[in-house]
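Read through the structure below, which is laid out as structure tokens, and then see the notes.
Values below: every heavy atom of this structure, side chains too, minus hydrogens, waters and symmetry copies. From a predicted model like this one, the values you see are computed outputs, not experimental measurements.
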Amino acid sequence: MRTRPLKVALLGCGVVGSEVARIMTTHADDLAARIGAPVELAGVAVRRTGKEREGIDPALVTTDATALVKRGDIDVVVEVIGGIEPARTLITTAFEHGASVVSANKALLAQDGAALHAAAGEHGKDLYYEAAVAGAIPLIRPLRESLAGDKVNRVLGIVNGTTNFILDKMDSTGAGYQEALDEATALGYAEADPTADVEGFDAAAKAAILAGIAFHTRVRLDDVYREGMAEVTAADFRSAKEMGCTIKLLAICERSKDGSSVTARVHPAMIPLTHPLASVRGAYNAVFVESDAAGQLMFYGPGAGGSPTASAVLGDLVAVCRNRLNGATGPGESAYADLTVSPMGDVVTRYHISLDVADKPGVLAQVATVFAEHGVSIDTVRQQGKDGEASLVVVTHRASDASLTGTVEALRKLDTVRGVASIMRVEGE
């Protein structure tokens with residue numbers, strides 16, 4: 001074993017960063033044995049000093065992150081500060097000064113992953129980011145390495161624990177959205193400002209990363225269709241149960257049937273209770289991968305939190321340090337396929353549409369005519385009426401998002417349609 005340690009700079013010492021530092025210290029002997037050399041925490045960059053950080057020598061703590069990554073003796077920079085800047089500049093500066101990088105920064109990778117990979121390649125360094133997508137769940141490496149010889153056709157997953165907790169609570173207790181969100185906040189699953197989670201921004205960033213790796217194509221955050229879950233109601237869950245389904249906020253990345261394009265999207269969807277993702281409860285994550293040779297694979301586990309995310313960071317750190325010792329680098333960006341990223345209008349799926357209509361003869365015929373005129377085939381219809389008003393639930397066969405949008409616009413113009421109560425996609429068949 002080499003006795004000279006590999007030096008690690010840690011950018012950020014919050015929930016994840018402090019846990020990374022703790023594991024590096026408490027598991028130092030095991031890490032050294034697995035890597036083939038000791039690893040040494042050489043510096044910790046924080047926003048403010050003066051706070052006691054258990055297990056970290058105060059002499060290592062600095063507010064000058066730029067000076068830390070420019071030192072020249074740093075082997076690996078671990079970035080867990082999040083956000084776009086200063087993280088982007090710090091990472092590229094680390095490459096320029098001889099360090100490889102381990103990051104958990106999903107937003108930055110989704111927006112500027114291609115540029116970061118290019119910078120890493122230019123300087124012959126590694127960029128690893130297992131922790132950016134699903135916490136402790138090994139997912140990036142299986143897609144990038146284990147399935148490198150296979151053709152991935154679809155990635156379907158629950159990649160945000162906060163939203164899954166909320167929807168699971170609504171499903172299991174009948175709670176409304178706000179009530180379930182309040183409980184998630186009280187328990188620490190939701191941030192004081194939950195926008196990034198409940199509006200799908202967090203999941204969309206992860207979808208962009210997954211789609212890029214799975215399909216060997218550059219997919220940026222702007223390419224991902226995003227729809228939040230604030231409009232999901234207890235009534236939607238009752239309708240889902242009547243269909244033998246539940247509702248999840250899904251990240252869906254898929255290759256077109258002819259293989260020429262891909263789509264990436266995040267939105268609430270009904271999935272059959274028989275699908276493996278339907279049983280994912282609480283704040284857990286799970287990702288379902290479908291490929292030609294391997295068939296169907298499912299990855300499941302805690303998707304957030306200090307310890308689970310630190311586990312993924314340390315796994316990357318071990319891999320990068322091994323590469324460093326061997327004078328090699330791991331896989332970089334694979335974007336050779338360069339497939340077209342299609343818009344949401346081209347996506348084909350099933351739909352569940354709930355309409356408020358007048359309870360009188362001929363309404364169903366009018367509605368059915370509108371669907372037919374827009375080329376949308378109806379699978380089932382359920383109508384309940386009382387005191388001159390009725391609820392009409394239509395479940396379609398597979399249709400494009402564009403054709404369904406045209407259908408709904410036409411339905412709103414009918415005098416007998418009082419309103420469109422909800423529209424939800426049906427996935428996972």
Side-chain angles (χ1 to χ4, degrees), residues 12-19 47 80-84 104-110 131-137 139 157-210 221 224-237 240 246-252 265-271 277-287 300-313 422 424:
C13 198
V15 174
V16 177
S18 59
E19 193 65 8
R47 290 181 181 176
V80 288
I81 57 178
I84 305 302
N105 196 331
K106 53 189 170 287
L108 178 58
L109 288 159
V133 172
I137 304 172
L139 185 57
I158 298 164
V159 294
N160 183 280
T162 300
T163 56
N164 199 57
F165 177 88
I166 293 169
L167 293 174
D168 182 41
K169 185 62 63 172
M170 293 176 70
D171 185 27
S172 60
T173 69
Y177 168 75
Q178 190 60 50
E179 182 183 352
L181 173 58
D182 290 344
E183 182 172 351
T185 304
L187 292 173
Y189 291 123
E191 301 286 346
D193 180 1
T195 303
D197 294 325
V198 301
E199 292 299 328
F201 291 101
D202 176 85
K206 295 170 181 177
I209 295 170
L210 290 173
L221 182 58
V224 181
Y225 172 83
R226 177 194 54 78
E227 187 179 311
M229 51 174 273
E231 301 302 317
V232 177
T233 66
D236 291 325
F237 274 98
T246 188
I247 299 171
K248 300 290 186 182
L249 185 75
L250 298 178
I252 305 170
R265 51 197 165 103
V266 168
H267 54 71
M270 294 181 179
I271 58 171
L277 291 179
S279 61
V280 178
R281 312 305 295 265
Y284 275 69
N285 284 190
V287 178
Y300 170 84
S307 293
T309 306
S311 171
V313 170
S422 70
M424 191 163 296

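Between the side chain of Arg226 and the main chain of Glu199, a donor-acceptor pair closer than 3.5 Å is present. Judged purely by atom type and a 3.5 angstrom limit, Asn164 uses its side chain to pair as donor or acceptor with the backbone of Gly282. Without hydrogens or angle criteria, Ser311 side chain to Ser307 main chain gives no donor-acceptor distance under 3.5 Å.
Nearest heavy atom pair, residue Met170 against residue Ala180, reads CG-CB, 3.8 Å. Of all the heavy atoms in Gly135 and Ala312, the pair that sits closest is O-CB, 3.2 Å. Annotation for Val280 and Ala286: closest pair CG2-CB, 3.5 Å, computed over non-hydrogen atoms. Taking each heavy atom of Asn105 and Gly83 in turn, the nearest pair found is ND2-O, 2.7 Å. Residues Ala251 and Ala203 come closest through the heavy atom pair CB-O, 4.4 Å. Taking each heavy atom of Val16 and Gly305 in turn, the nearest pair found is CG2-O, 4.4 Å.
Taking 4.5 Å as the limit, every side-chain heavy atom of Ile158 sits out of range of all side-chain heavy atoms of Val287. Between Tyr225 and Val266, every side-chain heavy-atom pair lies at or beyond the 4.5 Å cut-off. Using a 4.5 Å heavy-atom threshold, the side chains of Asp182 and Gln178 count as touching.
Between the side chains of Thr163 and Asn160, at least one donor-acceptor pair of N or O atoms lies under 3.5 Å. Inspection of the Glu179 and Tyr177 side chains reveals no N or O donor paired with an N or O acceptor under 3.5 Å.
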> Going through the checks in order, is the side-chain contact (heavy atoms from CB on, under 4.5 Å) test met by Thr246 and Met270?
Replying inline: CA-CA 5 Å; Thr246 188; Met270 294 181 179; over 6 Å; no
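Take Ser279 and apply the side-chain contact (heavy atoms from CB on, under 4.5 Å) test, not counting sequence neighbours, and it matches no residue. Ala132 pairs by the side-chain contact (heavy atoms from CB on, under 4.5 Å) definition with Lys106, Leu109, Tyr129, Ile209, not counting sequence neighbours.
Within the model, atoms CD1 of Ile252 and CG of Leu250 stand 5.0 Å from one another, a figure rounded to the nearest 0.5 Å. Summarising the geometry, atom CD1 belonging to Ile81 is positioned 8.0 Å from atom CZ belonging to Arg47; distances are rounded to the nearest 0.5 Å. The CG atom of Leu167 lies 7.0 Å from the NZ atom of Lys248; values are rounded to the nearest 0.5 Å. With values rounded to the nearest 0.5 angstrom, Leu139 atom CG is found 9.5 Å from Asn285 atom CG. Here the straight-line distance linking atom CG of Leu221 with atom NZ of Lys206 works out to 12.5 Å at 0.5 Å rounding. For the atom pair Thr162 OG1 and Leu249 CG, the distance stands at 11.0 Å (nearest 0.5 Å).
Using the six-membered ring where Trp is involved, Phe165 and Tyr189 have ring planes that are tilted, between 30° and 60° apart.
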Can you give the donor-acceptor pairs under 3.5 Å from side chains of residues 230-237 to other protein atoms, not counting sequence neighbours?
{"unit_1": "Thr233", "atom_1": "OG1", "unit_2": "Ala235", "atom_2": "N", "d": "3.3"}
{"unit_1": "Thr233", "atom_1": "OG1", "unit_2": "Asp236", "atom_2": "N", "d": "3.2"}
{"unit_1": "Thr233", "atom_1": "OG1", "unit_2": "Asp236", "atom_2": "OD2", "d": "3.2"}
{"unit_1": "Asp236", "atom_1": "OD1", "unit_2": "Ser422", "atom_2": "OG", "d": "3.0"}
{"unit_1": "Asp236", "atom_1": "OD2", "unit_2": "Thr233", "atom_2": "N", "d": "3.0"}

